[in-house]
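Every value quoted in this text rests on a predicted model; they were computed, and no experiment measured them. Each chain gets a letter, A, B and so on, in the order its sequence line appears, and its residues count up from 1.
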There are 2 protein chains.
Amino acid sequence: MATTKGETTAQRAREAALHLFARHGYAAVSMREIAGEVGVGAGALYNHFATKQDLLNELMVGHMTDLLAAWEAEPASQEDAAPREALEAFVRFHIKFHRSKTDEVFISYMELRSLEPPNFHRIEKLRGMYEARLAEILDRGAAAGVFHAPEPRITAMALIGLLTGVTSWYRQGGRLSAAEIEELYVDMVARAVQPLPGAGG
Amino acid sequence: MATTKGETTAQRAREAALHLFARHGYAAVSMREIAGEVGVGAGALYNHFATKQDLLNELMVGHMTDLLAAWEAEPASQEDAAPREALEAFVRFHIKFHRSKTDEVFISYMELRSLEPPNFHRIEKLRGMYEARLAEILDRGAAAGVFHAPEPRITAMALIGLLTGVTSWYRQGGRLSAAEIEELYVDMVARAVQPLPGAGG
DNA sequence: GTCTATACCTTGATAGAC
DNA sequence: GTCTATCAAGGTATAGAC
């Protein structure tokens, strides 16, 4: 099965590239290094990816597509979910997903600048769609009076930054377990958007 | 004045490198490009920086040192400042400083992986010191009962991630002014660490 | 301090045998 | 589909004249 063998090499190349790009950066990694990791010659990679740029783009599109699809598959992503439950579910989903895909996450926002314009714009659009999912939840919550979020879109970007940050310092085997950290974040986000009892909003 | 001329070239090289590294990444920028921006030959740069790595390291150490010194110069950084005022001051300081040094900020945490081990550890130590400043404020506030921050160090890292995120999407001339965004963040941070009336902490 | 010239290496990508 | 060989370009860093 020539096709199977080919897909295997392509897949292994994607995995190797993912790891190397995350560790050293796109520009600092050569096609030879990737090929070496897979165990083939450098030229062989060009049977699967037209250029190095295409390889990077494939990784990033794949990650953002997976991210969006995974959230859509969550029950709480339905438009009729209660805002507070939806927000908590989003936080837990985001942290879990990002912790399980450290390399993909790292690349997808460190290597934005390595993308050529058309690829860059595609990724930015996908990222915007993901932010919009959270903004919608905040918007519905604010309308229902259970959230304080005067600027849902800004708040969404800020919160995603907060949540994504966890991947930059979380280390397995640290003092706190993944579950404990998740609780801290759920709590922090809930507080960040809660209406104050005495205040106007 | 040979010395003066030399310092000028070194300084211009630092500025050019700062901009180019931030825009394209350390690995993607060549010494030739930097020299071209300054208007000298590539070889001339080696009179001022032993290696390209040294140039990057100088930029990052300089930025982190400036950041720490600038915070120490703020009145609210004193250990006897009231926690709530200190926290608000920290948020405003951090946002202003980071917005005024977009390139430095970008590099200082995108190019950590481009640093060789000894340089890397120096920067990590400086970063840890900055985080510790915020953690102290949270700690004092928690002790005084005005903050809910069960894990001051974790909360500090999370909040810094939240605040730093603003540089990744803030664009001058956007719908919201810099001052408006600052208020949103001050408010969000205050909420994130406030004790809940009914709850235990 | 800067120049030109250059040594030496690695890069992304291609060609043609197998 | 992978190999080896190869190309042209560009990388960091150095040497010696001015």
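In this structure, A:E116 atom CD and C:dG12 atom P are separated by 13 Å, rounded to whole Å. The separation between A:I34 atom CD1 and C:dT10 atom P is 17 Å, rounded to whole Å. Nucleotide C:dT11 holds its P atom 12 Å from the NE2 atom of A:H24, rounded to whole Å. Here the P atom of nucleotide C:dT2 and the CG atom of B:L45 are 9 Å apart, to the nearest Å. Atom C1' of nucleotide C:dT14 and atom CG of A:D54 are separated by 16 Å, given to the nearest angstrom.
Between A:E79 and A:R140, none of the side-chain N atoms (NZ, or NE/NH1/NH2) sits under 4.0 Å from a carboxylate O, so this pair counts as no salt bridge. One finds a salt bridge joining B:R175 and A:E151 here, because a Lys/Arg side-chain nitrogen approaches an Asp/Glu carboxylate oxygen to under 4.0 Å. Contact check on A:R113 versus B:E111 returns a salt bridge, with a Lys/Arg side-chain nitrogen under 4.0 Å from an Asp/Glu carboxylate oxygen. A salt bridge does not link B:R127 with B:E131: every distance from a Lys NZ or Arg NE/NH1/NH2 to an Asp or Glu carboxylate oxygen is 4.0 Å or more.
Residue A:T9 places no side-chain N or O under 4.0 Å from the OP1 or OP2 atom of D:dG1.
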What string of B, S and - do you get for nucleotides 11-18 of chain D, 5' to 3', when a contact is any protein heavy atom under 4.0 Å? BBBB----

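Under a 3.5 Å cut-off, the side chain of A:H94 and the backbone N or O of A:F90 do not form any donor-acceptor pair. In this structure, the side chain of B:R14 does not engage the main chain of B:L59 through any donor-acceptor pair within 3.5 Å.
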